[in-house]
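Report on the structure given below.
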Amino acid sequence: KLGMAFKKDDNFGEWYSEVVVNSEMIEYYDISGCYILRPWAMEIWELLKEFFDAEIKKLKLKPYYFPLFVTENVLQKEKDHIEGFAPEVAWVTKSGKSDLEAPIAIRPTSETVMYPYFSKWIRSHRDLPLRCNQWCNVVRWEFSNPTPFIRSREFLWQEGHTAFATKEEADEEVLQILELYRRIYEEFLAVPVSKGRKSEMEKFAGGLYTTSVEAFIPNTGRGIQGATSHCLGQNFAKMFDITFENDKGSRSMVWQNSWAYTTRSIGVMVMTHGDDKGLVLPPRVAPLQVIVIPVPYKDVDTTAIVNECKRIVETLEKAGIRADLDTRENYSPGWKYSHWEMKGVPLRIEIGPKDMANNQARVVRRDNGAKADVPTADLVEQVRVLLDGIQENLFETAKQKRDACLKVVNTWDEFIAALNDKKFILAPWCDEEEVEKDVKARTKGELGAAKTLCTPFEQPDLPEGTKCFASGKPAKKWSFWGRSY
Ligand SMILES: O=C1CCCN[C@@H]1CCCn1cnc2ccccc2c1=O
């Protein structure tokens, strides 16, 4: 498939669907909200997993795999965590023609699957900290508009579940994991995010507090939660009787965390960097960083050109660069340029007779189209410099675009104007939940209501007497507000 039918700034939804399909990341499936993840997506997921897994192993996380299924009564165990989510739970009710005795739920998350066993495994403080991570799929049978990677009824994630003897240890880990999520987004996906704390209304109801990294999509003017790291306090310990014998010989409840990032992160990257030629991949997550294309010429020795391409690919691969060549004879060089641009490959190397004669390679950047003739002797070094330059340029460009959407407001009218202008809003808030609910009520409409996205850890100065933009009461903090995914 060559060329895009939709432009990013004209029809974002159609553009996005076209990019994820034409770049061969996604194949649509015949069940709504379910998608096939093809190698071009899975290889990105695997590159992120490689980084994250290595980092959490340094934090002493151990790999587990728990069952996909959970019984009804165990799922209902923690009331406030389930309330509101119940409609999304998918149930198995039959096997073959016969009904199951009792319906079995498919995990939408694994707290209730795991914690009865945490209770069994944790006896004394010597069993702590317990640090459990699993890479798996979860199912949430949502009904709002399904979007590849961003909102699907099944998705892949990692979920970490940890238990500590003290709140201090839990508090520390919440932030260590949140920093890893920031690195996933900013250092790998080249997407700027804001670290902060969710409001009492937006947090995970079953927990004590929720922190998150929040991204923003300028084209739609919507915030999007990138990843989340909760301190659960002792709520689940109470429900599932997860206690340990403390040094006074009595029993104490553990302090727990749970945290996750999902395949949604890939969708955020696509939305952030993609352009009207298709996907644009940050080199650190590109399954292929360099594509080498022979440009044969009539009555010129094509074999020599193809051999030079092979030599270049081998040299790059030996240097740890993910490279390949496209020698398909039934496609023109021009067709190949468009094809690999659609797939977002960061660098293209063209080798024609002139390049051969001059012992050079024509190197073309996907992010800004810049072309350079590089002596083949310097190729590895120059490719590394270019790949780092692309990674940096994509992040800086995304950061500038996101910051250009940021609007600081002080009054309701400014807030509404900014909301209608698709801005990422920073506003002084009195921190009252009634006001949060009121803002939702006053902004609901077909685009969805505005809500708090997070209260950023980095708080701008809040002068004495600053008033809440919505209630006029004394403001207590600056918070990010906006419509969201
Ligand atoms: O975020 C995380 C991080 C990873 C572990 N789980 C927590 C909290 C999940 C919250 N949640 C989200 N959707 C749900 C859907 C159905 C049932 C339950 C739930 C549910 O508990």
Side-chain angles (χ1 to χ4, degrees), residues 33 52 56 61 63-92 103-118 130-144 146 150-163 170 173-178 180-181 184 196-214 224-233 235-237 239-240 242 255-265 453-454 484-485:
F52 190 77
I56 59 174
L61 270 293
Y64 288 72
Y65 185 79
F66 283 79
L68 173 69
F69 305 107
V70 55
T71 63
E72 187 166 15
N73 61 350
V74 166
L75 187 74
Q76 305 298 340
K77 193 112 183 200
E78 221 284 320
K79 283 282 175 299
D80 27 354
H81 127 252
I82 273 290
E83 139 258 332
F85 289 128
E88 295 174 11
V89 179
W91 295 91
V92 178
I104 291 173
I106 297 174
R107 69 180 167 224
T109 180
S110 300
E111 280 79 3
T112 57
V113 176
M114 295 175 166
Y115 297 171
Y117 301 92
F118 282 22
L130 177 71
R131 295 183 172 100
C132 151
N133 183 71
Q134 74 173 1
W135 293 90
C136 66
N137 63 332
V138 286
V139 172
R140 296 177 185 176
W141 215 255
E142 300 200 36
F143 291 88
S144 47
I150 300 294
R151 194 180 296 106
S152 53
R153 286 174 159 169
E154 175 187 12
F155 55 87
L156 307 181
W157 73 352
Q158 57 63 226
E159 49 178 322
H161 296 263
T162 52
E173 191 209 53
V174 165
L175 298 181
Q176 287 173 317
I177 298 298
L178 196 69
L180 290 181
Y181 292 151
I184 287 262
R197 183 165 166 152
K198 289 284 186 188
S199 69
E200 284 307 292
M201 185 163 87
E202 295 299 334
K203 77 174 187 183
F204 171 30
L208 181 60
Y209 64 84
T210 291
T211 68
S212 65
V213 286
E214 300 291 333
I224 185 162
Q225 182 179 290
T228 183
S229 181
H230 314 283
C231 176
L232 306 180
N235 300 358
F236 284 88
M239 278 294 157
F240 288 91
I242 311 174
W255 291 87
Q256 289 174 271
N257 294 337
S258 76
W259 28 270
Y261 83 95
T262 78
T263 35
R264 160 181 281 195
S265 56
L453 302 168
C454 79
S484 72
Y485 281 87

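Both backbone and side-chain heavy atoms feed into the values below; hydrogens, waters and symmetry mates do not. Counting convention: from 1, in listed order, for ligands and their atoms alike.
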As an exercise, identify every atom of ligand 1 less than 4.0 angstrom from a heavy atom of [X].
X	result
I82	17 (C), 18 (C)
H161	5 (C)
E88	15 (C)
H230	1 (O), 2 (C), 3 (C), 7 (C), 8 (C)
E111	5 (C), 6 (N), 7 (C), 8 (C)
A260	3 (C), 4 (C)
P108	15 (C), 16 (C), 17 (C), 18 (C)

Decide yes or no for [X] and [Y]: does some side-chain heavy atom of the first lie under 4.5 Å from some side-chain heavy atom of the second?
X	Y	answer
R107	N137	yes
F155	R140	yes
F240	Q256	no

Provide, to 0.1 Å, the distance between atom 21 (O) of ligand 1 and the closest protein heavy atom, together with that atom's residue and name.
->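 Ranking protein heavy atoms by distance from atom 21 (O) of ligand 1, first comes H81 CD2, 2.8 Å.
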
Give the residue and atom name of whichever protein heavy atom lies nearest to atom 9 (C) of ligand 1, and the separation in Å to one decimal.
->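 The closest heavy atom on the protein side is T109 OG1, 3.9 Å.
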
Between F85 and ligand 1, which part of the residue brings a heavy atom under 4.0 Å of the ligand: side chain, backbone, both or neither?
->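 The answer is both.
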
For ligand 1, which is the ligand I care about here, please tell me if [X] has any N or O atom under 3.5 Å from one of the ligand's N or O atoms.
X	answer
E159	no
T228	no
W157	no

Donor-acceptor contact present, side-chain N257 to main-chain A170, <3.5 Å =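 It does hold such a pair.
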
Of Q225, R197, H230, K198, the residue whose pairing with T210 passes side-chain hydrogen bond (donor to acceptor under 3.5 Å, both in side chains) =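 Only one option passes, and that is H230.
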
Partners passing salt bridge (Lys or Arg N to Asp or Glu O under 4.0 Å) against K203 (at least two apart in sequence or in another chain) |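 So K203 forms a salt bridge (Lys or Arg N to Asp or Glu O under 4.0 Å) with E200.
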
Looking at OH of Y115 and CZ of F66, how far apart are the two atoms once the value is rounded to the nearest 0.5 Å?
->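 Between atom OH of Y115 and atom CZ of F66 there are 9.5 Å.
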
Y209 atom OH, over 12 foreign heavy atoms within 6.0 Å |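 Correct, the count exceeds 12.
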
Face-on cation placement of R153 at F143 ring, 6.0 Å and 45° thresholds |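 Judged by the rule, R153 and F143 form a cation-pi pair.
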
